[in-house]
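These notes concern the structure reproduced below.
Heads up: numbering here begins at 1 and tracks the sequence. FYI, side chains are in, hydrogens and waters are out, and symmetry mates aren't considered; it's all heavy atoms of this structure. Source: prediction; values computed, not measured.
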Amino acid sequence: MSLSNLQAIGRLQPLPPDPAGMAKLLRAAQQNLADAQVPQISAGNRFDAAYKCIMQCAMLGLWAHGYRTSTSQPGHHQTAIQTLDQTLGVPKGDVIVLDALRRQRNVNDYDGDPISDASLQAGLQAASKLLAHTQQWLHAQHPEWGLV
């Protein structure tokens, strides 16, 4: 579904790009990835930090296109992740992996299932890859914003 269609059904709201605000969000994503790599922190908290980095990158992609998710709607994380192919040009296969990590985060948060080492490593790898992709995309598409 297109971004404009998602707006029409209330899943997205308009939000004009703001380079200063986007720079803060990019720094937060970078910090969350750094926090996720601290081995002294529990696997669950490291996974959460990696997931926050993923969500912040997804939000940056939407913001760069003049949107944000409607947080009053259920599924706003799912919307943000599943639009990454449209916003940042993330390959569909990577979007599938990121959505699986979203589901794993939900199971951990709402059912208390522990985060396995494999899930943690997948989250760290996906967050690192998406952050690098986001930075490259922002630099290539909007160098005037000076975000990277």
Side-chain angles (χ1 to χ4, degrees), residues 1-38 41-111 115 119-148:
M1 185 174 293
S2 74
L3 298 177
S4 59
N5 286 348
L6 287 167
Q7 181 184 6
I9 64 169
R11 305 288 292 173
L12 296 178
Q13 298 174 339
L15 180 67
D18 169 27
M22 294 173 75
K24 286 181 6 184
L25 188 56
L26 183 59
R27 285 191 300 274
Q30 292 164 336
Q31 184 61 58
N32 277 311
L33 181 58
D35 290 349
Q37 295 170 344
V38 176
I41 299 173
S42 70
N45 284 334
R46 291 175 69 195
F47 185 87
D48 280 347
Y51 180 78
K52 279 179 69 174
C53 174
I54 291 166
M55 281 305 303
Q56 288 161 332
C57 289
M59 295 302 173
L60 280 164
L62 284 167
W63 204 353
H65 288 275
Y67 296 101
R68 64 166 295 194
T69 57
S70 298
T71 56
S72 62
Q73 295 273 335
H76 60 274
H77 284 217
Q78 183 177 14
T79 298
I81 288 172
Q82 291 182 353
T83 58
L84 279 165
D85 61 327
Q86 296 177 63
T87 59
L88 298 177
V90 173
K92 280 282 195 189
D94 290 350
V95 172
I96 291 168
V97 169
L98 294 167
D99 198 49
L101 293 170
R102 177 192 60 78
R103 289 190 304 275
Q104 177 62 48
R105 177 247 183 202
N106 288 349
V107 170
N108 175 256
D109 279 1
Y110 303 120
D111 296 340
I115 296 295
S119 292
L120 173 59
Q121 292 309 312
L124 290 170
Q125 181 180 9
S128 179
K129 183 177 179 180
L130 182 59
L131 180 58
H133 179 91
T134 302
Q135 290 171 314
Q136 291 168 352
W137 187 91
L138 288 167
H139 179 70
Q141 298 299 315
H142 295 286
E144 72 278 11
W145 291 347
L147 296 178
V148 183

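Side-chain contact, Asp35 with Gln31: a donor N or O sits under 3.5 Å from an acceptor N or O.
Side-chain contact check for Tyr67 versus Met59: every heavy-atom pair is 4.5 Å or farther apart. In this structure, the side chains of Arg105 and Arg102 stay at 4.5 Å or more apart for every pair of heavy atoms. Between Thr87 and Trp63 there is no side-chain heavy-atom pair separated by less than 4.5 Å. In this structure, the side chains of Ile9 and Met1 come closer than 4.5 Å at one or more pairs of heavy atoms. Contact check for Asp48 versus Asp109: side-chain heavy atoms found under the 4.5 Å cut-off. By the 4.5 Å heavy-atom criterion applied to side chains, His142 and Leu147 are not counted as neighbours.
Here the CG-CE distance, from Leu15 to Met22, works out to 9.0 Å after rounding to the nearest 0.5 Å.
The residues Asp99 and Arg103 are annotated as salt-bridged, a charged nitrogen and a carboxylate oxygen being separated by less than 4.0 angstrom.
No donor-acceptor pair under 3.5 Å is formed between the side chain of Thr69 and the backbone N or O of Ala80. Using modelled atom types, no side-chain atom of Thr83 and backbone atom of Gln86 make a donor-acceptor pair closer than 3.5 Å. Side-chain N or O atoms of His77 include none that pairs as donor or acceptor with a backbone N or O of Met55 at under 3.5 Å. When atom types are taken as modelled, the side chain of Thr134 and the backbone of Leu130 share a donor-acceptor pair closer than 3.5 angstrom. Between the side chain of Thr79 and the backbone N or O of Gly75 there is at least one donor-acceptor pair closer than 3.5 Å.
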